[in-house]
Amino acid sequence: MTGRARGTTLPRSFYDRDAREVAPELLNKLLVSVDGETGARLVARLVEVEAYAGADDAGSHAYRGRTQRNATMFGRPGSLYVYFTYGMHWCANAVCGPGAVPHAVLLRAAAPVEGLDAMRARRPKARRDTELCAGPARLTAAFGLDGRADGTDLVRGPVRGPVRIVDDGVDPPERPGVSVRIGISSGRGDEHPWRYYVTGDPHVSRSPR
DNA sequence: GGTGTGATCGTA
DNA sequence: ACGATCACACCA
């Protein structure tokens, strides 16, 4: 029997700000969910995130306005935006604000804390536990999230799925690592240093540039 | 350790 | 045509 993770679900007001402000504060918070098949409790500590700043950001899905795909980003802060990319991967974001401004924080990597067996079952290719959630698509796969989780409320749900981000008292690093974002092509906002990570943590997806 | 490349398909 | 990527091959 695993112990219950203590902590406080982050309130709506936490997300209702510019993603560049929210992102570094999400470091060391816990992503908490329940495995849809086994019912196992899944917990991982966020160690790497990226901010996407809506209309100010050529790298954001929301840069060219609202579409069916990115509609969740234009909705309520504290929603989960899950999108499909490269023909095979799902990635998850925390929708930010302020208000209906379509900011979001991409959840890029996390350190597994609880539910490791369920994560391993969902990520059989992972050779080591440090790889289970080391990348946005890996993290999303380890938690079993896909398009069905798009629009989930991280604050009050479960609306479509029990996903939360919880503060268990571990503060974000005083001085996070900062770099340009991964996978952004030139001229699409690649100059912005909006990636934040826990320096030296082995669960970060890759070395900074 | 690092770099290069194919997979695979929804979206604009 | 091109991705907010991953895994594997290959070289060092």
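Here is the naming used below: chain letters follow the sequence lines, and residue numbers restart at 1 for every chain.
Per the geometry, CZ belonging to A:Arg108 stands 8 Å off C1' belonging to C:dT5, to the nearest Å. C:dC6 atom C1' lies 10 Å from atom OH of A:Tyr86, rounded to whole Å. Atom C1' of nucleotide C:dT5 and atom CG of A:Leu107 are separated by 15 Å, given to the nearest angstrom.
In this structure, A:Thr67 reaches the B:dA12 phosphate: one of its side-chain N or O atoms is under 4.0 Å from OP1 or OP2.
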Practice task
Could you please spell out the steps behind the side chain to side chain donor-acceptor pair (under 3.5 Å) verdict for A:Thr38 and A:Asp35?
Solution key: CA-CA 6 Å; A:Thr38 65; A:Asp35 187 275; 3.1 Å; yes
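Side-chain contact between A:Leu10 and A:Lys29: present, with at least one pair of heavy atoms (C-beta onward) separated by less than 4.5 Å. Using a 4.5 Å heavy-atom threshold, the side chains of A:Arg181 and A:Asp190 count as separate.
Residue A:Lys125 places its side chain closer to C:dA7 than to any other of C:dA7, B:dC9, C:dT5. Counting only heavy atoms from C-beta on, A:Arg123 has its side chain closest to C:dC6 among C:dC6, C:dT5, B:dA12. Among C:dC8, B:dG10, C:dG3, the nucleotide with an atom closest to any side-chain atom of A:Ser185 is C:dG3. The side chain of A:Arg69 lies closest to B:dT11, out of C:dT5, B:dT11, B:dG10. Picking from B:dT8, C:dA4, C:dT5 the nucleotide with the shortest atom distance to the side chain of A:Ile182 gives C:dT5.
Where A:Ala126 and A:His61 meet DNA chain C, the nucleotide closest to each residue was compared, and A:His61 sits on the side nearer the 5' end.
Interface residues of residues 127-141 of chain A facing DNA chain C, ordered by number: A:Gly135, A:Pro136, A:Ala137, A:Arg138; criterion, heavy-atom separation under 4.0 Å.
Judged by centroid separation below 5.5 Å and plane tilt below 30°, A:Tyr52 stacks onto the base of C:dA4.
Ring centers of A:Phe84 and A:His89: at least 6.0 Å apart, outside the cut-off.
Between the side chain of A:Tyr83 and the base of C:dA4, a donor-acceptor pair under 3.5 Å is found.
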